[in-house]
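Convention: sequence-line order gives letters A, B, ...; per-chain numbering from 1.
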There are 2 protein chains.
Amino acid sequence: MIDVILVEDNHDVREMLAMIIDGSEGFSCKHAFVDCESALQFIPDNPPDVVLMDIDLPGISGIEGIKRLKVVLPNLDIIMLTVHEDDDSVFDSLCAGASGYLLKNTDPTVLLSSIKDVISGGSPMSSSIARKVVGSFQRSNSSPLTGRETEVLKKLCEGQNHKAIAESLFVSNHTIRMHIKNIYKKLHVHSRGQAVKKAIDERLV
Amino acid sequence: MIDVILVEDNHDVREMLAMIIDGSEGFSCKHAFVDCESALQFIPDNPPDVVLMDIDLPGISGIEGIKRLKVVLPNLDIIMLTVHEDDDSVFDSLCAGASGYLLKNTDPTVLLSSIKDVISGGSPMSSSIARKVVGSFQRSNSSPLTGRETEVLKKLCEGQNHKAIAESLFVSNHTIRMHIKNIYKKLHVHSRGQAVKKAIDERLV
DNA sequence: AATCCTATTACCCAAATGGGTTATTTTTTA
DNA sequence: TAAAAAATAACCCATTTGGGTAATAGGATT
C-alpha cells in the first residue's frame, strides 16, 4: 500500500485528489494538509512514501516547504503538482529537492503511475517539462572562441591559475595570458570570475 | 508518417529496429546507417523527423555525431539509443544536443511512443535516467558557510570583485575581503576560480 | 557571567591578475 | 599560392587578489 500525503490549499482540489488516490487499489491517502506549516509538523514524524506538493500556498511556499522537508528527510520522494509551467517554478522546485513535476491537469491514471514511478526511482515529468530540463543542458554551438581558447576557458572554470594552465597545456605562461586576454575581449569581460560566469551561463565549456 | 533514421553499427540490432519501426502504422524507416560519417553525409540534405543514435560507433562517436548534426540542423530531434547508463554518457549526450535518452532494452511500444513524444516537444527518458537528470539540479543542504558568506560567494560566482561586492552589500571592502578569506578556508581553496568551481559543483549558491 | 559565533573594519606585503603592445611560427581558408 | 586566423612567446606597469594578523561589537549559547 503506497502512502501518499497531499499539501494543497484549494479545498475542492484537495478533496478530489485525496478521493482519487485513496480510492485506488494499492494507494492510500489518509492525510492532506492546507499549508506547509501543518504538513511540516506532521510529516517528519509520519513520513509517507510520496508527498504531492502545490507551489502556491498561504504562508510557506511549496518550494520552501520542500527544502525544509528535505533537511529532515533527505530520501523523501516529493512530486510537485501545480499549474505553473514557467522555467523558474520548474527549476526552483527541482533544485529544492522535488523528484517529479506534474501539472494539475494531469490525467488521474498518469498521476497514479507517476507516484509508482517516483517510488521506483524515476522522475515523472510531463513531456514539455522534461524538454525544459533537458534543454538546460544543451550548450551553445556558436562560441566565438577558438579551440585553444575554449580549452583555456575550461581550465579557468576549474579554478586553475596561469601557471597551472600553462603547465597542463605544455606552453609558456605568456601564451596562456595572451589566450586569456583574447577570451576576455571576445566575451566582453574583465576578470576570471566574470569569464567563468559567462562560460557557465552560456554553456561555452 | 513519421520519418525515422537509425545510426547503429550492429547489423542485427539495426535491421531489427528498422523492421519494427518501418512495420508500424504511421512510422517509416527507409534509411539506416552503420556509422556517423555516412549519416552526416546524408542527413543534412534529407532531414528526417527523428534520428535514433547509438553511442558506440566506429570512427566518429554518437555524441560527436550529435554535435555536428546540431550545427547544421539545430531543430532536429535526436534520441540516444544505447546500452550505457553511466552519468557521463547521459550528460554528455544531452549536452551535445540529444532530446531523449533511451536504453536498448526499451520495449518497442515505448520506443514508438517515445518517438512521437520527442516530436511533440517532449524528452523521452527512462525513469532512472530522468532521476539522474533531475538529481543534477539538487543542491547540498549542509553548507559550512554562514549566511553572509553564502551571499558573498554568490557575488563571487557572478564575477564581481571586492569593491563591487562591498558596495552592493553596503559594507567596507575590508569586510568583504575577510569574508572571502573565511570562505576560502572553509572550502579549502585558494582563489576565486576554485571557490566558484566548488560553489557550482557542490551547489552551495 | 563567560564563551563562542558572526559580522564588521583595518593594515601590511607578496603574488597573481589585467591591459597594452609587438612579433614569430603554424595552420586553415579563400 | 596568398591571405587570414590561430597558437605561440615576451615585456612593462598598475591594479587586484590572497594570506597573515588584530581588534571591536552584537547575538546566541552555555
**Study point:** Set of salt bridge (charged side-chain N to carboxylate O under 4.0 Å, His left out) partners for A:K116, sequence neighbours left out
**Key:** none

Check your understanding: Once you round to the nearest 0.5 Å, how far does CG of A:N182 lie from OG1 of A:T146?
Key -> 8.0 Å

Check your understanding: Roughly how many Å is it from CD1 in B:I180 to P in C:dA16, rounded to a whole number?
Key -> 18 Å

Check your understanding: Is it true that A:E151 and A:K154 have a side-chain N and a carboxylate O under 4.0 angstrom from each other?
Key -> no

Practice item. Nearest whole angstrom, please: distance from the P of C:dA16 to the OH of B:Y184. Key: 14 Å

Point to revise | Rounded distance (Å) that lies between atom P of C:dG19 and atom NE2 of A:H188 | key: 13 Å

Review point. Does a side-chain N or O from B:H162 land closer than 4.0 Å to OP1 or OP2 of D:dT17, or not?
Key: yes

Distances for protein N/O vs nucleotides 5-15 of chain C N/O pairs under 3.5 angstrom?
from	atom 1	to	atom 2	distance (Å)
C:dA7	OP1	B:R148	N	3.1
C:dA7	OP2	B:T146	OG1	2.4
C:dT8	OP1	B:R148	NE	3.4
C:dT8	OP1	B:R148	NH2	2.9
C:dT8	OP2	B:R148	NE	2.9
C:dT8	OP2	B:H179	NE2	3.0
C:dT9	OP2	B:S172	N	2.6
C:dT9	OP2	B:S172	OG	3.3
C:dT9	OP2	B:T175	OG1	2.3
C:dT9	O5'	B:S172	OG	3.4
C:dT9	O5'	B:T175	OG1	3.4

Point to revise | A:K185 vs A:K163, nearer the 5' end of DNA chain C by closest nucleotide | key: A:K163

**Study point:** N-O pairing of A:K104 and A:D54 below 4.0 Å
**Key:** yes

Exercise for review: Please name all residues satisfying side chain to side chain donor-acceptor pair (under 3.5 Å) with A:D35, sequence neighbours left out, ordered by chain then number.
Suggested key: A:S38

**Study point:** Name of the residue among B:I79, B:L81, B:I43, B:L6 meeting side chain to side chain contact (heavy atoms under 4.5 Å, CB included) with B:V51
**Key:** B:I43

Practice item. Nearest whole angstrom, please: distance from the P of D:dT16 to the CG of B:L156. Key: 16 Å

Review point. Can you tell me how far P of D:dG18 sits from CD1 of B:I165, to the nearest Å?
Key: 10 Å

Practice item. Could you check how far CG of B:N161 sits from P of D:dA14, rounded to whole Å? Key: 20 Å

